[in-house]
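Order of the sequence lines fixes the chain letters, A, B, ..., with proteins taken first and strands second; residue numbering starts at 1 for each chain. Since the structure is predicted, the reported quantities are computational estimates derived from the model, not experimental observations.
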Amino acid sequence: MRIVFLGTPDFGVPSLEALIREGHEVVAAFTQPDRPKGRGKKMESCPVKVCALAHDIPVYQPVKIRQESVEDLKALAPDLCVTAAFGQILSQEILDIPRIGTVNVHSSLLPKYRGSSPINWAVICGETVTGVTTMMTDKGMDTGDILLQKEVEILPGETAGELTDRLAVIGADLLIETIRQLEKGICPRVPQDHEKMSYYPMLKKEMGLVDWQMDAHDIVCRIRGLSPWPGTYTFVKGEMLKIWQGMEEEATTGLPGDILEADSKKGLLVKAGKNAVRVHELQAQGGKRMKATDYLRGHPITVNACDKNEEMRHE
RNA sequence: CGCGGGGUAGAGCAGUUCGGUAGCUCGUCGGGCUCAUAACCCGGAGGUCGAGGGUUCAAGUCCCUCCCCCGCAA
């Protein structure tokens, strides 16, 4: 099968590798253009590009695929296009090019969690089950007909990053099975129940700012859901502190945001709306991530007595 | 050349302004106290101060070069 692969970040790599491993003829890979990244504004290739080049697959990096790549795609004459976290919207004109169609690997149980960050949102919303879906891409945002779907349990304490790694592999397997069934003409194809759809927006940096009015359970889900990017943070004495890991702990005293415990032995405990968040792992500006107890050894934080030291209260 | 913080004992930090015996908290090892401890007391071990070069009687500290880690921004 002549396949054109479209994907950008790590999530797409297992799918691309699976296609190659299965002996499909991957004739091209499309990814987002290289962008200045990291500290020194160095240009960096995305994971899918690196993978494609390693397998001698031609790489295309249009800024806007709809405008630049229609002729290229036609010339490639694919039987099938496969997308996995590509990052650009395909036009109908492009969707009409592949003989069979365009299959998208989406990391949620559609129609739930449409949008660009389904894994993060599933964790943020406190789900215990999510999954991957293969679908026939249509013009809408993750609205196409569902082909195959697989449920995956979200493990306790699992972060979005960890879950992404797992779903990427599971998604690759599902993709291979989907293509197998498409080739035989036995692949189911059912429209989404649009009544049950949910859509969540792209993640923004600001979403990582902890609102201590929220219940501890929700804050912990957010910490997990935004890890490793964009990360969760709060302010202590005017300095930003990233929170990498935390757990809910029962607490009835104090006001939201109060530091109930800050001890290099006991650790760091911050009051939330309901209950409190035990901060296990954090990271100060310029520092590396470390256990809260280690941090407190060298950075003593005063315990808020709830109604004094108002200026020390973090936001 | 995008902005910025940092590398000192196993861990987390202070010390660098203004050169002059390597410090703190914790851990660890040994001893003591206690019905008891994430408690307390006494004692010990453990450091090429990221690397190299330079200045100096003397460099963690001043000068030059390099390596590594991290936050912002994108």
Side-chain angles (χ1 to χ4, degrees), chain A residues 7-12 30-50 59 61-65 85-89 115-117 120 159-162 164 201-212 219 222-251 253-254 258-271 276-305 309 312 314-315:
Chain A
T8 299
D10 286 310
F11 180 79
F30 282 69
T31 80
Q32 296 275 33
D34 292 356
R35 297 217 170 80
K37 207 171 174 248
R39 247 154 244 125
K41 79 140 199 194
K42 283 162 289 192
M43 290 301 246
E44 203 167 286
S45 303
C46 64
V48 165
K49 177 181 179 181
V50 173
V59 173
Q61 297 183 278
V63 175
K64 285 192 181 257
I65 191 169
F86 174 48
Q88 292 191 34
I89 310 272
S116 59
S117 314
N120 301 275
T159 65
E162 293 160 351
T164 298
M202 250 195 299
L203 299 178
K204 289 195 208 103
K205 197 90 188 181
E206 308 85 71
M207 293 174 40
L209 179 61
V210 175
D211 173 7
W212 294 103
I219 292 174
R222 183 161 288 235
I223 292 169
R224 292 164 51 214
L226 297 182
S227 168
W229 194 90
T232 310
Y233 57 96
T234 189
F235 286 90
V236 175
K237 299 182 190 176
E239 190 190 350
M240 190 190 77
L241 267 192
K242 263 189 163 169
I243 301 176
W244 283 103
Q245 204 183 103
M247 282 181 61
E248 181 178 17
E249 192 166 306
E250 216 169 291
T253 59
D258 281 348
I259 297 174
L260 300 178
E261 284 178 8
D263 185 290
S264 64
K265 283 202 168 67
K266 295 178 185 169
L268 185 57
L269 186 65
V270 184
K271 184 73 173 76
V277 176
R278 169 72 62 189
V279 178
H280 283 306
E281 200 180 15
L282 53 74
Q283 180 174 23
Q285 284 177 307
K288 49 182 59 172
R289 50 192 288 185
M290 64 183 75
K291 288 181 290 184
T293 47
D294 288 343
Y295 176 78
L296 289 168
R297 240 183 282 294
H299 304 82
I301 297 176
T302 310
V303 172
N304 291 28
N309 294 331
M312 307 268 279
H314 42 164
E315 340 216 340

Please list, pair by pair, any protein nitrogen or oxygen found under 3.5 Å from a nitrogen or oxygen in nucleotides 36-42 of chain B.
none

Using a cutoff of under 3.5 Å, can you pull out all pairs of nitrogen or oxygen atoms linking the protein to nucleotides 22-24 of chain B, with atom names and distances?
none

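Qualifying side-chain hydrogen bond (donor to acceptor under 3.5 Å, both in side chains) partners for A:Lys242, counting only residues two or more places apart in sequence or in other chains: none. Judged as a side-chain contact (heavy atoms from CB on, under 4.5 Å), and not counting sequence neighbours, the contacts of A:Lys266 are A:Glu261, A:Asp263. For the side-chain contact (heavy atoms from CB on, under 4.5 Å) test, residues two or more places apart in sequence or in another chain that qualify with A:Lys291 are A:Thr293, A:Asp294. In terms of the side-chain hydrogen bond (donor to acceptor under 3.5 Å, both in side chains) criterion, A:Thr232 has no residue partners (sequence neighbours excluded). In this structure, the side-chain contact (heavy atoms from CB on, under 4.5 Å) partners of A:Pro62, at least two apart in sequence or on a different chain, are A:Phe30, A:Tyr60, A:Ile65, A:Glu68, A:Ser69. For A:Glu249, the salt bridge (charged side-chain N to carboxylate O under 4.0 Å, His left out) partners are A:Arg278, not counting sequence neighbours. With sequence neighbours left out, the side-chain hydrogen bond (donor to acceptor under 3.5 Å, both in side chains) criterion links A:Ser264 to no other residue. Considering only residues two or more places apart in sequence or on other chains, A:Lys205 meets the salt bridge (charged side-chain N to carboxylate O under 4.0 Å, His left out) condition with none of them.
A:Glu281 has its CD atom 16 Å from the P atom of B:A11, to the nearest Å. When rounded to the nearest whole Å, the span between CG of A:Leu296 and P of B:G12 equals 13 Å. The distance from atom NZ of A:Lys291 to atom C1' of B:G27 is 10 Å, rounded to the nearest whole Å. Atoms NE2 (A:His299) and C1' (B:G12) sit 8 Å apart, rounded to a whole Å.
Using atom P as the reference point in both B:A14 and B:C62, the two lie 15 Å apart (nearest Å). Straight-line distance between the P atoms of B:U61 and B:C18: roughly 15 Å, to the nearest whole Å. To the nearest whole angstrom, the two P atoms, one in B:G10 and one in B:C29, are 15 Å apart. B:A11 and B:G50 have their P atoms separated by 13 Å, given to the nearest Å.
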Evaluate the side-chain hydrogen bond (donor to acceptor under 3.5 Å, both in side chains) criterion for residues A:Gln61 and A:Thr31: first the C-alpha distance (whole Å), next the side-chain angles of each, then the deciding distance (0.1 Å), finally the verdict.
CA-CA 5 Å; A:Gln61 297 183 278; A:Thr31 80; 3.2 Å; yes

What is the per-nucleotide protein-contact pattern of nucleotides 69-74 of chain B, from the 5' end, where B denotes a base atom under 4.0 Å from a protein heavy atom, S denotes such proximity for sugar-phosphate atoms only, and - denotes neither?
SBBBBB

Under 3.5 Å donor-acceptor pairs involving side-chain atoms of residues 282-289 of chain A, not counting sequence neighbours:
{"from": "A:Gln283", "atom 1": "OE1", "to": "A:Trp244", "atom 2": "NE1", "distance (Å)": "2.8"}
{"from": "A:Gln283", "atom 1": "NE2", "to": "A:Gly287", "atom 2": "O", "distance (Å)": "2.8"}
{"from": "A:Arg289", "atom 1": "NE", "to": "A:Glu281", "atom 2": "OE2", "distance (Å)": "3.3"}
{"from": "A:Arg289", "atom 1": "NH2", "to": "A:Glu281", "atom 2": "OE1", "distance (Å)": "2.9"}

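No more than 12 heavy atoms of other residues, nucleotides or ligands sit less than 6.0 Å from atom CE of A:Met247.
Taking a pair to require two hydrogen-bonding distances under 3.5 Å in either a Watson-Crick or a G-U wobble arrangement, B:C57 pairs with B:G20.
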